[in-house]
Amino acid sequence: MMVMRIVVLSPQQQQLQWVAHFSSFSPTGVFSSPPQQGHISEGPQRVLYRTVRCRQSRDSWQKDTAPTRRSVGNGQRDHRMLTQTGRIVTRPYEQRELRRQHVRLEPDISPHRAVAVVRLLRIEEGGAYADVLSGEGEKSWEDEMAYLGRTLGFCTSELDLRGRRLVTDEVAGVVRWKRYLDFLILSFFKRDLQDYERMEPLLRQILRVGIYELVKLEMAPHAVLNEAMKLAKVALRPGAGNMVNGLLRSVLAYQEMGKLPFPSLEGGDERSRARALATIHSHPVWMVRRWMAQFGEGNTVRLMECNNRRPIFALRANSAQGVSRTDLISELEKLEVAHVESPYLQDFIRVSIGMQDVLRSGLLQNGSCAVQDESAGLVVGVVDAQPGDTVIDCCAAPGGKALFLASKMKGQGKVVAVDVNEGRLRMLTEAAKVQGVSDIVISCHYDLRDYAAKAARSADRVLLDAPCSGLGVLSKRADLRWRRTPEDLQQLTNLQDDLLEAAASLVRSGGVLVYSTCSIEPAENSDRIGFFLSKHPEFTIETVESFVPATMVSEEGFFCSYPHEHQMDGAFAARMRRAT
Ligand SMILES: C[S@@+](CC[C@H](N)C(=O)[O-])C[C@H]1O[C@@H](n2cnc3c(N)ncnc32)[C@H](O)[C@@H]1O
C-alpha cells in the first residue's frame with residue numbers, strides 16, 4: 001500500500017516526531033524519515049515523503065535498527081529503544097511485525113538504478129542469491145522497495161514492468177562482470193588497492209552499475225553519469241557523488257576514444273594468460289586454468305562467453321496434464337513470448353526473452369508446464385523409466401527430474417523421491433499435486449545413506465542427481481562463479497562417492513543406475529564413475545547413445561552437454577546396469 005504525502009517541517013517539530021516515530025531510523029544510524037504528516041515549514045524547501053507499508057521479521061527489524069539501538073538494560077533489548085533525544089520508547093509487537101516506514105522520496109533517481117544497487121549490496125554483503133528468475137512476485141517487489149527505503153534512507157518512484165526487467169538483467173549482468181568492472185574501476189581509481197578494498201560497499205556497487213551501464217549496455221551517458229552521481233550524493237555524501245562523477249567521466253572518455261584499459265595477453269606464462277582471460281571474461285582464475293587444461297583456450301573463451309550471456313530457459317509442456325507442445329506454443333503466442341522448439345526433446349520449448357511474462361501468466365502455477373532445462377530432460381531420457389517401474393530418485397528435490405520421470409510413467413508404478421532437505425522436498429510434493437502426478441510420487445525425507453539401508457535392492461531404476469558444483473549452469477546462476485572454491489570440489493567429490501555407494505545398493509539385480517550432475521568437471525563426473533566401478537565390478541556401463549543426440553555422447557558412452565556447444569546447461573549422466 002503506497003500513500004503519497006507532501007510534508008514540510010520545522011526542525012523543532014522534526015525533533016518531536018523523531019521521538020514519536022523511532023521506528024524510522026535508517027540502518028546507517030542517520031535519521032532518514034520524516035514525521036507522519038503535517039504542513040509545517042522547514043525553510044524554503046518542500047520535501048516529498050512516501051509512506052511504505054512493509055512487513056518485517058523480528059530478526060530483520062533488529063538487524064536494521066541495530067546501529068541506532070542502545071541497550072536499555074533489563075533484557076528487553078528487542079523492543080525498548082533509546083531515541084536520539086534520550087527517551088526510552090517501547091515498540092509493540094504488532095508494530096515490529098508490520099510497521100509503516102516513512103522515507104523521503106527522490107523522484108529524480110530512476111528506481112531501477114537504486115533497486116539494482118541495493119539488491120547487489122544484498123547479494124554481496126548479505127548472501128542473497130542473484131537468481132535470474134527470482135524476485136518476480138508482487139510481494140517481493142513491494143518488499144524490495146521497502147528494503148530500498150531502509151537501506152538508502154530514501155525512496156524512488158514505483159518500478160514499472162520495464163524497470164523490473166531492467167533490474168533483473170542489470171543485477172545479473174553486474175554480478176557476472178564483477179571482475180572486469182573492478183578492473184576498470186581500479187584502472188581509473190586514483191588510490192591504491194587497499195583503499196579500493198576499504199571503499200564503502202554501497203559506493204562500489206554504484207560505480208559497478210554505472211560502468212556496466214556505460215560499457216556493456218551502452219546506455220545514454222548523460223543519464224548514467226547524472227544519476228549515479230546523484231545516487232552517491234544522496235545515499236552517502238557529496239564527496240562520494242563527486243568521486244563517482246569523476247571516475248565515470250574518465251571511463252566514458254576512454255571508451256569514446258576506444259582506449260579502455262585491457263589486460264595484456266602478450267608474453268607471460270600460462271598462469272598470467274589465464275589471469276588476463278579471467279579478467280577480460282570475468283571469471284575466477286582457478287576456473288579458467290582448469291578449463292584451459294581440459295578444453296583448450298578457444299573452448300574456454302567460448303564457454304565463458306556463454307556464461308556471460310543472457311541465459312536460454314526451456315519450458316516442458318506437461319503431458320501428465322494433457323498439455324502438448326503445440327498447446328503450450330499457442331499459449332506463448334497469446335503472451336507474445338518469442339520461442340523456439342527444442343531440436344532434441346519433443347515436449348520442450350526454448351525461451352530467451354519473456355520468461356517474466358511466462359512466470360506471471362499462471363502457466364506454471366496451473367501445471368501446464370514446468371521450467372526445465374533440456375539437459376535435465378535428456379538425463380530423464382537416460383533413465384528411460386517405463387510404466388509400472390519402481391524408480392527411486394535419490395536426491396530429488398525440488399523435483400524437476402522426478403516429476404518429469406513420473407509424467408512418463410502414465411500413472412503406473414511409483415517414483416520414490418528421497419531428499420535430505422525438508423523444505424525443498426515440500427516444494428516437490430506441492431509441485432507433484434499441481435502437475436497431476438502426485439498419485440505415483442512418494443516423498444521421503446531422508447539422508448540417502450540412511451534410506452539405503454531400508455530399501456536395499458528394491459528399485460528397477462535409480463537416479464542419483466548428485467549435489468555438485470553447478471559449474472555447468474553459470475549463465476543462470478550469475479553469482480555462483482564467485483561463491484565456488486576449488487576446496488568445494490574436493491568436499492563434493494567425497495559426498496558424491498558416498499551417495500553413489502548408497503544409491504547403488506538400491507538397485508535390484510538387472511536394474512539400472514544413473515548418476516548425473518549439472519557440472520562439466522571430470523572430477524565430479526567421469527572420475528566418480530571410474531572410482532565407483534573400480535569397487536563394483538557387478539555394475540557395467542551402458543552407453544547412452546540410444547537416449548541422447550550423438551553429439552552429446554562421450555567416448556566412454558556418457559552423456560555430456562556443454563553450454564558452448566549445445567545451447568543448454570552443462571550436464572553429465574552415466575548409465576550403469578547391475579548384473580547380479
Ligand atoms: C542437484 S540437487 C537435485 C535436483 C533435483 N534432482 C531436481 O531435478 O530438481 C541435489 C539435491 O541433493 C540433496 N541432498 C544432498 N545431500 C543429500 C543426502 N545426503 N541425502 C539425500 N539428499 C541429499 C539436496 O538437498 C538437493 O536437493
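Order of listing sets the numbers, starting from 1, for every ligand and every atom in it. Keep in mind it's a predicted model, so treat the numbers as computed, not measured. Note that the numbering runs from 1 along the sequence shown for the chain.
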Distance-only polar pair, side chains of S368 and N318, donor-acceptor under 3.5 Å: no

Ring centres under 6.0 angstrom apart (F539, Y515): no

Salt bridge present between E124 and R208 (N-O < 4.0 angstrom): yes

Protein contact of atom 24 (C) of ligand 1 - nearest heavy atom, named by residue and atom, plus distance: D419 OD1, 3.5 Å

Interfacing atoms of ligand 1 (cut-off 4.0 Å, heavy-atom, R449): 19 (N)

Nearest neighbour in protein (non-hydrogen) for atom 20 (N) of ligand 1: L448 N, 2.9 Å

A466 contact mode with ligand 1 (heavy-atom cut-off under 4.0 Å): backbone

Ligand 1-proximal atoms of A396, by part, heavy-atom distance under 4.0 Å: backbone

Under-4.0 Å salt bridge between R165 and D357: yes

Short side-chain donor-acceptor distance under 3.5 Å, S526 and E556: no

G400-ligand 1 polar pair, N/O distance under 3.5 Å: yes

Heavy atom of the protein closest to atom 2 (S) of ligand 1 (residue, atom name, distance): R424 NH2, 3.7 Å

Contact partition for K401 relative to ligand 1, non-hydrogen atoms under 4.0 Å: both

For atom 17 (C) of ligand 1, the protein heavy atom that lies nearest, with its residue and separation: V420 CG1, 3.5 Å

Charged N-O contact under 4.0 Å between R273 and E270: no

Atom 12 (O) of ligand 1: nearest protein contact (heavy atom, Å): C395 CB, 3.2 Å

Any L499 heavy atom less than 4.0 Å to ligand 1: yes

Part of L428 with heavy atoms under 4.0 Å of ligand 1, whether side chain, backbone, both or neither: neither

Distance from atom 19 (N) of ligand 1 to nearest protein heavy atom, with residue and atom: D447 OD1, 3.1 Å

Polar contact flag, side-chain donor to acceptor under 3.5 angstrom, T517-N525: yes

Subset of ligand 1 atoms that lie under 4.0 Å from at least one heavy atom of G399: 7 (C), 9 (O)

Option nearest atom 6 (N) of ligand 1 (shortest heavy-atom distance, choices D465, N421, D373): D465

Protein contact to atom 15 (C) of ligand 1 [nearest heavy atom, distance to 0.1 Å]: P467 CG, 3.5 Å

Nearest neighbour in protein (non-hydrogen) for atom 4 (C) of ligand 1: A397 O, 3.2 Å

Residues D419 and R424 bridged, charged N to O under 4.0 Å: no

Distance-only side-chain donor-acceptor flag, S561 / S375, under 3.5 Å: no

H564 and Y562 aromatic ring geometry - parallel, tilted or perpendicular at 30°/60° bounds: tilted

Short side-chain donor-acceptor distance under 3.5 Å, R350 and S342: no

Which segment of Y446 sits under 4.0 Å of ligand 1 when only heavy atoms are counted: backbone

